[in-house]
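Notes follow the structure.
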Amino acid sequence: MISLGINYSTMHDSSACIARDGQVLFAVAEERLSRVKHDARFPVLAIRACLDFVGVPPSDLDFVCQSWPMPGTWLRHDLKCMVMGSLPVSPAGVFQLVRKYASAKSQQGGRKPFVQNFGDTRADFRFVNHHLAHAISAYAYSGFKDSAVLVIDGRGAWEATSLWHGRDGHLEHKWTIPWPNSLGLFYAQFTDFLGFTPYSDEWKVMGLAPYGVPGINLGEFLIPDDKPYQAASRLLISRQSSPLAAIESRLGPQRIPESELTASHKNLAFAVQDSCEVAMLSLARVAAEQTGTRSLCLAGGVALNSKANGRILTSGTVDRIFVQPAAGDDGACLGAVLEPHFGSGGGLPLHTMRDAYLGPASSDAEIETALRTYKIRATHLPDPAATAAELLAAGKILGWFQGRMEFGPRALGGRSILADPRDPEMTAKVNNAVKFRESWRPFAPSVLAECAADYIESATDSPFMILTAQVRREKRQVIPAVTHVDGSTRPQTVERDVNPLYWRLISEFGRRTGVPVVMNTSFNLRGEPIVNSPADAIRTFFSSGMDALVIGGFLVEK
Ligand SMILES: [Fe+2]
């Protein structure tokens, strides 16, 4: 049985994946191929890449499953919210809603663009509720048989937060908190207020938070509640002179993007992050109580909040946590693709996801062709891992392009920029020369799994850089470039059998320096998607201050 999973909500992060008999073989976000960040268009390129990978014509697909319901679902919900008063009513708002519905309806929820681009197919089209798709994307890949499953995002079609109980391949729906009572909405509106892009730059608020101090009370916006949270949507969605008018009337004017960050901005970031953590802890506690399990799976965009995830784990509320590495909407296709197993009443196929290398790869022959096309002199390397380690130990900033691309927002040693974490100046060097991003944002380390406990307090498996933990006090001066101002870090633990080449690079670096840890950030420039092809990597390398590029079996130096 061949099943294609698609995320296409027209809002952001379109993607596709393909599975044979319940085993996902390939997944990629449209943005990586189209080079348009958060691309929301119908994922034609991603679907084509899926079909090419398995060598199956579109006509032979058994299922095409979208992680988004047919348009009427969300239209009915939003109209009801307007009638009930949880959404402000305005002629412009109603017009916008109806226009969006008409557009989605004309596309038959995505069936029409599929047939237009790929021709007729015998496939059965399924439109899967968004939170169900997220829930499957967490539970079915967690390796847990019995687990609570929390989905927390900005909004689904109509959902904001939902709780499920996964048992022996089945998912029981417990409850859903409907949008706009949304933790993601709360976080996004304050991200906007702080001068960053909502539903995209929440990372920046999370990174800024440790520079602030407690003091600002946001209880009016996110009401402490035993429900377990209550977002004041009427204050968060205002249709007055500015969408953020209610926030501005209480906290002063919105920060102008790129302007100076004052102490009050930092204190507000602290309050936003802390409120979110408290709400997520409360959700985790309720989830554990209501399912009677000590395992927790998380998905939905808010589950990318690694700080909150780490706090849940260290709180002792649960014993184990699995966060789908593609917890945002791109990853919802991983759930949709398995829906036919669920929908037929059978059990979901359960796997333990140990890596996220589900994307395209380039052979050395393809890389060589790209290098020749751009007339770039390259050296063939007998041992890319050893050479890369040597360069890193000498203080060089490296582009590292190897194997299959990661699915999800984190680079995990497939499409990474690497540097020496021992150099206290390295954060500034990489920020200024390569990432061109805000100086206060932290970088993360990749550490050999077997050495993680030497560096990280309460070290746990963290293969996806999605849990924040504390660096051991005595090691903070050893790896200053990946230790945040509050002593925290967001580690990737690298296991030998999962990524042997990357493991060996870190191991070789450790042999030379005594520190089996490298600084790892995604291979992209500010505002661009992570590189996918050799051409993307070469262009990014020469557009930045990176010193060397190790691409497949080749070394390019400036
Ligand atoms: Fe979502």
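Hydrogens, waters and symmetry mates are skipped; everything else that's a heavy atom, side chains included, is used. Counting starts at 1 for both ligands and their atoms, in listed order.
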**Message:** Using only atom types and a distance under 3.5 Å, with no angle test, would you say the side chain of Arg404 pairs donor to acceptor with the backbone of Glu406?
**Reply:** no
**Request:** For Ser182 and Gly154, indicate whether the former's side chain and the latter's backbone hold a donor-acceptor pair under 3.5 Å.
**Result:** yes
**Prompt:** Taking 4.0 angstrom as the limit, do Asp330 and Arg32 come out as a salt bridge?
**Reply:** no
**Item:** Sidechain N-carboxylate O distance under 4.0 Å for Asp274, Arg311
**Value:** yes
**Asked** Just how far is it from atom CZ of Phe144 to atom CG of Asp319, taken to the nearest 0.5 Å?
**Response** 9.5 Å
**Prompt:** Out of curiosity, Leu348 CG to His341 NE2, how far, rounded to the nearest 0.5 Å?
**Reply:** 8.0 Å
**Complete:** Protein N/O/S atoms closer than 2.8 Å to the Fe ion (ligand 1), ordered by chain and number, come to His130 NE2, His134 NE2, Asp153 OD2, Asp329 OD1
